[in-house]
Amino acid sequence: MARRIGVRYLKAHLSRILKEVQAGGESVLVTDRGRVVAQLSRPSAKVVDGSVVESLRRMATAGHLRLAEPVVDPYPRSPLSLPEGTGASLLDEERGER
């Protein structure tokens, strides 16, 4: 049976618990108010082998994680085009350094 620890305990002792999981291979169930919310265990050789991207795809396919949505740039590039150095010139002028 896997050891159970609370979220607060995990936060306080994370490095030590990760070393224990890595060394002993024992799984640790993380609880929040008595309810299991996560499981820490050593990754299988299948997850460790191959590229990181391929491992993430396999985990997503198995339902263990959800891949992020593409980020839409909230500040699209302006269609206006100004000569190189215009911004610096305007700042210098504003500061009276010209």
Side-chain angles (χ1 to χ4, degrees):
M1 184 167 160
R3 187 171 96 184
R4 290 174 168 244
I5 59 170
V7 172
R8 293 172 97 188
Y9 185 85
L10 175 65
K11 286 169 51 176
H13 301 90
L14 180 61
S15 294
R16 183 172 58 85
I17 292 170
L18 289 177
K19 286 177 186 173
E20 290 172 5
V21 168
Q22 181 183 15
E26 174 191 12
S27 291
V28 175
L29 298 176
V30 182
T31 61
D32 184 19
R33 297 180 182 102
R35 186 175 56 94
V36 176
V37 294
Q39 178 180 349
L40 295 176
S41 60
R42 292 186 65 179
S44 66
K46 205 162 93 174
V47 173
V48 175
D49 292 341
S51 74
V52 172
V53 172
E54 195 54 42
S55 295
L56 291 173
R57 280 195 187 115
R58 275 197 306 269
M59 292 171 68
T61 302
H64 298 296
L65 66 88
R66 190 177 78 196
L67 298 176
E69 302 286 325
V71 177
V72 177
D73 187 0
Y75 305 105
R77 193 167 181 88
S78 171
L80 302 176
S81 177
L82 297 173
E84 185 74 29
T86 302
S89 297
L90 290 171
L91 283 173
D92 289 345
E93 186 178 321
E94 178 71 23
R95 295 174 182 155
E97 298 174 357
R98 216 168 172 203

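If you're wondering where the values come from, they're calculated on a predicted model, not measured in any experiment.
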### Query
Do Arg16 and Lys19 have side-chain heavy atoms sitting under 4.5 Å apart?
no
### Query
Which distance, rounded to the nearest 0.5 Å, do you find between the CZ of Arg8 and the CG of Asp32?
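Reported value, rounded in 0.5 Å steps: 10.5 Å.
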### Task
Any chance you could measure Thr86, atom OG1, to Leu91, atom CG, to the nearest 0.5 Å?
11.0 Å
So with a 6.0 Å cut-off around [atom1] of [X], is the heavy-atom count from everything else above 12?
X     : atom1 : result
Glu94 : CD    : no
Arg77 : CZ    : no
Gln22 : CD    : no

Given the rule that I, L, V, M, F, W and Y join up when any side-chain heavy atoms are under 4.5 Å apart, are [X] and [Y] in one cluster?
X     : Y     : answer
Leu29 : Val21 : no
Leu65 : Leu40 : no
Val36 : Val7  : no
Ile17 : Val37 : yes

#### Entry: Shortest non-hydrogen contact between Arg4 and Gly34, atoms and distance
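Residues Arg4 and Gly34, closest heavy atoms: NH1-O, 4.0 Å.
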### Query
If every non-hydrogen atom of Ser27 is compared with every non-hydrogen atom of Ala2, which pair is closest and at what distance?
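Scanning both residues, the minimum pair turns out to be O-CB, 3.4 Å.
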### Query
For Thr31, which residues count as a side-chain hydrogen bond (donor to acceptor under 3.5 Å, both in side chains) partner, sequence neighbours excluded?
none
### Matching residue for Glu20 among Arg3, His13, Glu26 - test: side-chain contact (heavy atoms from CB on, under 4.5 Å)
Arg3
### Query
Would Leu10 and Val28 satisfy side chain to side chain contact (heavy atoms under 4.5 Å, CB included), going step by step from the backbone distance to the final call?
CA-CA 10 Å; Leu10 175 65; Val28 175; over 6 Å; no
